[in-house]
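Note sheet for the following structure.
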Amino acid sequence: MPELPEVESVRRGVDEWTAGTTITGAEVADPRILGTTSQRRIDPSAVSGFASAVTGAHILKAERRGKFMWLSLGEATAPSSETAGSGARSPLTPELGILVHLGMSGQLRIHSPGEELHRHTRAVLRLDSERELRFVDQRIFGHIGVQPLVHGYGRLVPASAIHIAPDPLEAAFDPERVVAELAKKRTAIKAALLDQTLVSGIGNIYADEALFRAGVHPLAVPARTRKNRLTAVIESATTVMSDALAVGGTSFDALYVNVNGESGYFDRALLVYGRGGQECVRCGTEIVKITVGGRGTHYCPVCQKVPRYR
DNA sequence: CCATGTCCCTGCAAGC
DNA sequence: TGCTTGCAGGGACATG
């Protein structure tokens, strides 16, 4: 389940292989990958539309915000060094991007054209006719599509990612703003952490890890929690994801494979996620598993005190 | 507007 | 053994 660290890990690999290349062709093996999980009825013209829209495009670079990744597209001219004005169709001011969301089980892999297709390959981009970027996704919770780039929180982002907030690893991230917004929430803090419009990039694994490290109960209500506790949670989320990125991301179900085909490992550093019934690494108490917002949630009932509100 | 619930999809594990 | 059932989860969307 790729979250920010895993997606960033993939982005780096993808950028190395794709930046500066030209898309010489594209294939969509499963049209459902072009839609979202709630828009699965894909017009047949969308398949050829996708291929024709990306073929001939020049990939400037691979970018990311939260768990959303995209290839910014531009003219195939040699880029100069600095941005000057807002000249029309400058390669430095891309207007289109190819959005890729990995969903639950998405992988991006680089292959040579002749190599056997993985069973769950959903889409393929040919790069300079000598490499292929393949989007493999077992569960089809991910999606890919061409979108206009629009301004959001100081950057150009794909239109469908306009609503998500900056993630903790980007310059526009403002911890004080996030804590202030978080403090208005009356839902469980675990659910709030998964709200990508508040902070992006945090998924189910790192939400549990951040709460454990900050000593905050997943059912605590932000609006009734001390600001310094909320700050600790946001700081913990930032730290745990930075640490995960440093070792290549999390993987324990073999579904996540980075662009070079190797798994990233961080599971040994997980302190509570997936440890229901086991002893807390800090105090030995049995880790409890509950459901919050429809997601499996793990916590230590001693290290993360049950909030008592009146 | 805010919060909560449902659905999408597949493969695996558990139960009978 | 072989079937059925339950479970996992990110995000779009519907509902309260």
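Here is how names work: the chains are called A, B, and so on, in the same order as the sequence lines, proteins then strands, and each is numbered from 1.
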Under-4.0 Å salt bridge between [X] and [Y]:
| X | Y | value |
| --- | --- | --- |
| Arg65(A) | Glu170(A) | yes |
| Lys67(A) | Glu6(A) | no |
| Arg134(A) | Glu115(A) | no |

- Query: Are side-chain N/O atoms of Asp137(A) and Ser105(A) paired as donor and acceptor at under 3.5 Å?
  - Reply: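 There is such a pair (donor and acceptor under 3.5 Å, judged by atom type) between the side chains of Asp137(A) and Ser105(A).
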- For Val302(A), what are the other residues in its hydrophobic cluster, where any two members join if their side-chain heavy atoms are less than 4.5 angstrom apart?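 Same cluster as Val302(A): nobody, lone residue.
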- Query: At what angle, to 10 degrees, do the two end axes of the helix from dC2(B)-dG16(C) to dC16(B)-dG2(C) meet, given five pairs define each axis?
  - Reply: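 Result, rounded to 10 degrees: 50°.
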Polar atom pairs between nucleotides 14-16 of chain C and protein, under 3.5 Å, N or O only, would you list them?
none

Reckon [X] has a side-chain N or O less than 4.0 Å from the OP1 or OP2 of [N]?
| X | N | result |
| --- | --- | --- |
| His163(A) | dG11(C) | no |
| His101(A) | dA12(C) | no |
| Lys185(A) | dC2(B) | no |
| Ser105(A) | dC9(B) | no |
| Gln196(A) | dG11(C) | yes |

Between [N] atom [atom2] and [X] atom [atom1], what is the distance in whole Å?
| X | N | atom1 | atom2 | answer |
| --- | --- | --- | --- | --- |
| Glu6(A) | dG10(C) | CD | P | 11 Å |
| Arg122(A) | dC8(B) | CZ | P | 17 Å |
| Asp195(A) | dG10(C) | CG | C1' | 12 Å |
| Lys190(A) | dA3(B) | NZ | C1' | 17 Å |
| Arg32(A) | dA12(C) | CZ | P | 19 Å |
| Arg119(A) | dT10(B) | CZ | P | 10 Å |
| Leu102(A) | dT10(B) | CG | P | 18 Å |
| Ile164(A) | dA12(C) | CD1 | P | 9 Å |

- Take the angle between the ring planes of His143(A) and His101(A) and call it parallel below 30°, perpendicular above 60°, tilted in between.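 Rings of His143(A) and His101(A): parallel, under 30°.
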- Query: side-chain contact (heavy atoms from CB on, under 4.5 Å) with Leu133(A): which of Ile23(A), Ile59(A), Ile98(A), Leu71(A)?
  - Reply: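 Checked Ile23(A), Ile59(A), Ile98(A), Leu71(A) against Leu133(A); only one passes side-chain contact (heavy atoms from CB on, under 4.5 Å): Leu71(A).
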- Message: Please identify which of these residues, His298(A), Lys190(A), Arg295(A), meets the side chain to side chain donor-acceptor pair (under 3.5 Å) condition with Asn204(A).
- Response: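 Testing each of His298(A), Lys190(A), Arg295(A) against Asn204(A), the sole residue satisfying side chain to side chain donor-acceptor pair (under 3.5 Å) is Lys190(A).
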Identify the pairs formed between an N or O of the protein and an N or O of nucleotides 6-9 of chain C at a distance under 3.5 Å, and give each distance.
from	atom 1	to	atom 2	distance (Å)
dA8(C)	OP1	Lys289(A)	NZ	2.7
dG9(C)	OP1	Asn204(A)	ND2	3.0
dG9(C)	OP1	Tyr273(A)	OH	2.5
dG9(C)	OP2	Gly296(A)	N	3.1

- Query: Of the candidate nucleotides dG10(C), dC9(B), dA3(B), which contains the atom at the shortest distance from the side chain of Lys67(A)?
  - Reply: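 Nearest to the side chain of Lys67(A) among the choices is dG10(C).
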- Item | Selected nucleotide, minimal atom distance to Thr187(A) side chain, candidates dT4(B), dG10(C), dA12(C) |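 For Thr187(A), the side-chain atoms sit closest to dT4(B).
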- Item | Pairs flagged by side-chain hydrogen bond (donor to acceptor under 3.5 Å, both in side chains) wherever residues 194-203 of chain A is involved - sequence neighbours left out |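 Residue pairs passing side-chain hydrogen bond (donor to acceptor under 3.5 Å, both in side chains), neighbours aside: Lys185(A)-Asp195(A), Asp195(A)-Thr197(A).
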- Task: Could you say whether His120(A) or Arg186(A) is positioned toward the 5' end of DNA chain B, judged by the nucleotide with the nearest heavy atom to each?
- Result: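 On the 5' side of the pair lies Arg186(A).
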- Message: Using heavy-atom distances to pick each residue's nearest nucleotide on DNA chain B, tell me which of Asp30(A) and Ala191(A) is more 5'.
- Response: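 Comparing both residues, the 5'-ward one is Ala191(A).
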- Message: Assess the residue pair Arg109(A) and Glu132(A) against the criterion (salt bridge (Lys or Arg N to Asp or Glu O under 4.0 Å)); give the C-alpha distance rounded to whole Å, side-chain angles, the decisive distance to 0.1 Å, and a yes or no.
- Response: CA-CA 8 Å; Arg109(A) 309 177 66 119; Glu132(A) 289 181 355; over 6 Å; no
Side-chain atoms of residues 281-288 of chain A: list all donor-acceptor pairs with protein atoms under 3.5 Å, sequence neighbours left out, distances to 0.1 Å.
none

- Task: Answer yes or no: is there a donor N or O on one side and an acceptor on the other, between the side chain of Arg11(A) and the main chain of Arg64(A), under 3.5 Å?
- Result: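 A pair under 3.5 Å: no.
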